[in-house]
Amino acid sequence: MLGVAEAIETVMAAISPLDVAAVHLEDALGRFAARDVASSAAIPPWDNSSMDGYAVRASDVSAGARLRVVATVRAGDAADRAVASGEAMKIMTGAPVPEGADTVIRIEDTEEAGGIVAINDTRDIGRNIRQRGEDIAEGQLVIAKGTRLLAPHIGVLASIGMSRVPVHAAPVVAILSTGDELVRVEDLEGASGGRRIVSSNSYSLAALVRETGGVPVDNGLIPDDPAALRQALEEASDADLVITSGGISVGEFDHTRAVIQAMGGEITFWKIKARPGANIAFGSVNGTPWLGLPGNPVSALIGGELFIRPMLRKMSGSPRPYPRPITAIAADKFRASENMAHLFRAILTRAENGELHARSTGPQGSGILSSMAAANALLVVPAGRAIDLGEIVTAIPLDPDAHLTERLELHA
Ligand code: AMP
Ligand code: MG
C-alpha cells in the first residue's frame, strides 16, 4: 500500500500537460501560458505626453517666456509638423510629442491668450514625456511560460496587440457518481421513502474542478449495476480525466474496480495509507487517467485536494501544481493510527503574537461533510504519530482567501 506522498507522486507521473491552443485573450484568464511571449511592439509606441499642457523646446523656456501656440495635438492624433524655436503646441495626455519638442509644460503653469502662451514656472523643463518603449521594449519578454494569466497579464497582452494567446487547454473532467441511493438536488423531496440522499459529491467535485480551472462534465448518477457503469465509463472516457465517486471498496455492490478491469483498464493502486481516503484508486480507462474516489463525501473532497487539484494544475501547464504545507501549533491533540496517515479537518487561527494555532473542527468521520466546510486547513499527521498540545503540526491550507481580513490595516 502506498503512502500519501508516494500515491500523489505516482498519479502525477502519469499526468502530462494538455495540448496547446491559441485562445482568444478574453478566454485566457486563469490559464497558464504555454510559451514565453515577447512583444513585437514597443509600448508606448511613440514618445507621448504625460500631462495636459504645452509641448515646447527646453531652450525656449524661462520664467515669463511667451511662445506662439501653433497647433493642438489631441490623444489619438499627431502633429503634422515640428515645433520650431519660439513655438508651442497645446498637447493632451497620451498624445504623441511633436518633433522638436523635448518638454511639456503642465497647463497649470501657463496662461494662454490671443494665440500666445505665457510660462509661469520652469519646473517642467525636460519633463513630462513618456519615452517610446519605456514600458515594454520591442522584443522584450513580457510573459514567461508557465505564468498563470491574471488581470495584469491580460492587460499587458492586450496592450501589445495579442488577441490570441498560447495556453494549455482547460482539462475536461468527467464526474460519475455511483450509488442506488443517489438523487439530484432537485429531486430529494419526495424521493422514494426517504431512503435517498443527494449526490453531494456530484456538486462538490464539480465545484472543485471549476475552482481549479477545469471544465466539469456531469456524467450523471449511475446505479450500482455493472452494465450501467460500464456504459457510463465508455461515454466518459473521452474526457481528460475520469472521476468516479463511490463503489470502490469491497462491498457487495461496489463494482467500479471490476468494471474498469473488464474494460481492459488499468488499476495502478486502489488503497492508500490515509484516513480518510484509504479507498482512493487510480488507473486508466480507455487510456484516460481515472481517479476512483470513495463515496464518503469527506473522503471524496480530500481526494480532490490531494489528487484532483494537482492533476488539473499539471494538465493546465502549471509549473507549481502542489500546495505548500505550512506549520501550526496544535491547540488540540491529533493522533494517527499505526499504519495510516491521518488527515484532520482543522481551523487555523492567527494569535496576537502571529502564531498559527490549529484546532480540530470536531467529529472527524468521513461522512461529516460539514467538517470540510468548517475547515480552513487539512492537518497531515504521519502514521504512528501523536501530536500533543503545543506541538508543531503540518497543515495544507484550504482557504484561498486566507490573506483577506475584515479590517483595513494599511496605515496609509
Ligand atoms: P460507497 O463508497 O459507495 O461505499 O459509499 C460510501 C458512503 O458515501 C455511503 O454512505 C454513500 O451513501 C455515500 N455516498 C456515495 N456516493 C455519494 C455521493 N455521490 N454523494 C454523497 N454521498 C455519497
Ligand atoms: Mg455505494
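Just so we're clear, the structure is a prediction, and the values are computed from it rather than from any experiment. Atoms within each ligand, like the ligands themselves, are counted from 1 in listed order.
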_Under 3.5 Å donor-acceptor, Ser318 side chain and Lys314 backbone_ = no
_Check: Arg345 side chain, Gln364 main-chain N or O, donor-acceptor pair, under 3.5 Å_ = yes
Could you list each nitrogen or oxygen of ligand 1 that sits under 3.5 Å from a protein nitrogen or oxygen, with the atom names and the distance?
residue, atom, partner, partner atom, Å
ligand 1, 2 (O), Gly295, N, 2.8
ligand 1, 3 (O), Gly247, N, 2.9
ligand 1, 8 (O), Gly295, O, 3.3
ligand 1, 8 (O), Asn296, N, 3.1
ligand 1, 12 (O), Glu181, OE2, 2.6
ligand 1, 14 (N), Gly295, O, 3.3
ligand 1, 19 (N), Ser199, OG, 2.8
ligand 1, 20 (N), Ser200, N, 3.1
ligand 1, 20 (N), Asn201, N, 3.2

_Using 0.5 Å steps for rounding, measure from the OG atom of Ser284 to the CD1 atom of Ile267._
9.5 Å
*Between Ser337 and His342, is any side-chain donor less than 3.5 angstrom from a side-chain acceptor?*
yes
*Report yes or no: is the cationic atom of Arg132 (NZ for Lys, CZ for Arg) under 6.0 Å from the centre of the six-membered ring of Trp46, at an angle within 45° of the ring normal?*
no
*Run the numbers on Thr93 and Asp52 for side chain to side chain donor-acceptor pair (under 3.5 Å), then give the verdict.*
CA-CA 5 Å; Thr93 304; Asp52 295 326; 3.0 Å; yes
